[in-house]
Amino acid sequence: MSDLIQLPVRVQAAQIEPDENELILEKVNRFTLEPVRDINELFLFSGICSNDRLDAYFTKMDPMTTLKNYVGNLREGVSLQSGHDITKNPFGRSYDAQSLTTHEENAVLGHWYMIRDLNINGENTNDLIRAIKSGIMRDLSIGFGGSEMYHRCSSCGKDLFDHQCPHFPGLEDENGRMVFAWVVNATLREVSTVYKGATPGAYISSSFVDKARSYVDQGQLSQTHISRLEGAYSTRLDDGRRSFYLPKTAEQENKRNEEAENMGDQERTYYSRNNLLGDIRQAVRENKIEKAAIYEVLGEEGDKFRQPEDIKLRNELGKDFCSVDAVRQLKKEAQQGRRYLADVIEDAVKARVRAFGDSFNAESYRAMLTTSGEIDHIKEEIDAYERMAKERFKPGRQTEPEKVPGEDQGEEENNARFEPDNENLFDGGDE
């Protein structure tokens, strides 16, 4: 495990005796290109980095590996950062450390130094020193990890993330003992000034939470245990999803284990699945679990749980129109279609008014067309009424003028005189 993990450190100003000055300068100058001559150029402070007590995260540092490593790391010089931001230059460094052993604990005391009046990352170290000396900045956080680090379960002694270890720090094991994890063979990466100890959950996020969340997703933790772990790890494990847990008696469990031992892998998988379904049905019948809780869980995993109405709707839409985007497009087109239908109906009403006048019941006619909704039929109605209107109202003057007496006789003579069928238009004239 190589993830960087953080834990808090409370610092205190180091009390330096005069006869220790030369020894401290010697230790500090191991890291300098130009030796520091005056102890007054340095600001020194100390703090208990770690111990083997049970912390708020239900972990303990293994004194034989981790605490021993911390002492060596601090003596070799560990960077002092700001807020665990390793992209910026360090403004201090550790120069020494000691192991402290009492009847209560094993601990590591670290020592750090800073150069006074030094500008780093846009800040002057004098400001940081004043903040530390005045008690404004008194919290550090150690960052540790390492490729060889692992968490050893206090209950079974296995790696906490081994699939054979079913335990969680913060919960009791099968014997009623509180489980914690030994942090084994960790190394110190850096130390940072922080506003408050360590961020709650920062240590847990990359380790214990992942294991707990996988158990929650598989329905292997009761709601009581989930709530306790969420409180211990300062984080949500089920992301708001309700989990259900079906407890079994020892007799039931032993019987099933005996039956499963005599089966092959495929038979065992099929057997386990059917037994789980049987447990769910039994729990529903005995009112130990709500159906709504089961539907909610099914809706969170894989394909959504389908009610009969949902299945009927999907069958009606077909495969190509069951996606959210397809339904959204259908909704848009339906709105456009309704507006077009309304416009066509209005055109039909106007066409009928032109053909018959407005004496008919336009609202009744409009309602009839709306109920029908057949656009082709409505267009035929429009064409028919438009033709009727054209035949009824021909263009130009349609009235006959009143005839003058004797006007017919003149027309007859003119028609006879200029009859196109006559062979000789000049016949009948004076000789």
Worksheet item: Looking at side-chain heavy atoms only, is the closest gap between R93 and Y113 below 4.5 Å?
Response: yes
Worksheet item: Can you name the nearest heavy-atom pair linking A351 to Y385, along with the distance?
Response: O-CB, 3.6 Å
Worksheet item: Can you tell which of T187, D62, V108 makes a side chain to side chain contact (heavy atoms under 4.5 Å, CB included) with N69?
Response: T187
Discussion item. Check whether T66 reaches the backbone of A186 with its side chain - one donor and one acceptor, N or O, closer than 3.5 Å.
Written reply: yes
Worksheet item: Distance from F91 atom CZ to T125 atom OG1, nearest 0.5 Å?
Response: 9.5 Å
Worksheet item: Roughly how far apart are L42 CG and M114 CE, rounded to 0.5 Å?
Response: 10.5 Å
Worksheet item: Quick one: do the E190 and S192 side chains pair a donor with an acceptor below 3.5 Å?
Response: yes
Discussion item. Closer than 3.5 angstrom, by distance alone: can the side chain of S46 be matched with the main-chain N or O of H111 as a donor-acceptor pair?
Written reply: no
Fill in: Exam field: side chain S79 to backbone Q81, donor-acceptor pair closer than 3.5 Å
no
Practice prompt. Applying side chain to side chain contact (heavy atoms under 4.5 Å, CB included), run through M149 and V183 and close with a yes or a no.
Written response: CA-CA 7 Å; M149 185 192 80; V183 179; 4.0 Å; yes
Discussion item. Pair R354, E386 - check side chain to side chain contact (heavy atoms under 4.5 Å, CB included), show working.
Written reply: CA-CA 8 Å; R354 286 193 295 270; E386 291 289 353; 2.2 Å; yes
Discussion item. Checking K88 against D85 for the side chain to side chain contact (heavy atoms under 4.5 Å, CB included) test, could you report, in this order, the C-alpha distance in whole Å, the side-chain angles of both residues, the deciding distance, and whether it holds?
Written reply: CA-CA 6 Å; K88 294 183 178 180; D85 188 353; 3.4 Å; yes
Discussion item. Please report the interatomic distance CG(D38) to CG(N21), rounded to the nearest 0.5 Å.
Written reply: 9.0 Å
Worksheet item: Do you know which two heavy atoms are closest between S94 and L74, and how far apart they sit?
Response: OG-O, 2.9 Å
Worksheet item: With a 4.5 Å heavy-atom cut-off, do H167 and K158 have their side chains touching?
Response: no
Fill in: Close side-chain approach of H151 and V184, heavy atoms under 4.5 Å
no
Fill in: Within 6.0 angstrom of R30 CZ, more than 12 heavy atoms from elsewhere
yes
Worksheet item: Do the numbers put K27 on top of the ring of Y95, so that NZ or CZ is under 6.0 Å from the six-membered ring centre and no more than 45° off the axis?
Response: no
Item to complete: Please test L341 against L369 for side chain to side chain contact (heavy atoms under 4.5 Å, CB included), starting from the C-alpha separation and ending with a verdict.
Response: CA-CA 9 Å; L341 176 62; L369 295 180; over 6 Å; no
Practice prompt. Find the distance between CZ (R189) and CZ (F144) and round it off to the nearest 0.5 Å.
Written response: 10.5 Å
Worksheet item: Are the side chain of E172 and the backbone N or O of V179 linked by a donor-acceptor pair below 3.5 Å?
Response: no
Worksheet item: Quick one: are D127 and E123 in side-chain contact, heavy atoms under 4.5 Å?
Response: no
Item to complete: Check whether any side-chain N or O of T59 sits under 3.5 Å from a backbone N or O of A181 as a donor-acceptor pair, and report yes or no.
Response: no
Worksheet item: Do NZ/NE/NH1/NH2 and the carboxylate oxygens of E41 and R116 come within less than 4.0 Å?
Response: no
Discussion item. Main chain of I382, side chain of R352: is a donor-acceptor contact present, judged purely on distance under 3.5 Å?
Written reply: no
Fill in: Closest heavy-atom pair and its distance - S155, E174
OG-OE2, 4.4 Å
Item to complete: Output yes when a side-chain donor or acceptor of R37 lies under 3.5 Å from a complementary backbone atom of L25, and no otherwise.
Response: no
Worksheet item: Are side-chain heavy atoms of I48 and L100 found at a separation under 4.5 Å?
Response: yes
Worksheet item: Is the closest side-chain heavy-atom distance between W182 and P63 below 4.5 Å?
Response: yes
Discussion item. Within the structure provided, determine whether F168 and L160 are in side-chain contact (heavy-atom separation under 4.5 Å).
Written reply: no
Worksheet entry | E26 CD: over 12 foreign heavy atoms closer than 6.0 Å | no
Practice prompt. Could you grab the distance from atom CD1 of I136 to atom CG of L128, nearest 0.5 Å is fine?
Written response: 11.0 Å
Discussion item. Less than 4.0 angstrom from a charged side-chain N to a carboxylate O is my criterion; do R177 and D173 meet it?
Written reply: yes
Response to the item:
In this structure, CE of M368 is separated from CD1 of I345 (nearest 0.5 Å) by 9.5 Å
Worksheet item: Between R75 and D96, does at least one N-O distance fall below 4.0 Å, as a salt bridge requires?
Response: yes
Discussion item. With a 3.5 Å distance limit and no angle check, can you tell me whether N106 reaches the backbone of T101 through a side-chain donor-acceptor pair?
Written reply: no
Discussion item. Does any part of the side chain of Q98, heavy atoms only, come nearer than 4.5 Å to the side chain of V71, both counted from C-beta?
Written reply: no
Fill in: Sidechain N-carboxylate O distance under 4.0 Å for D325, R328
yes
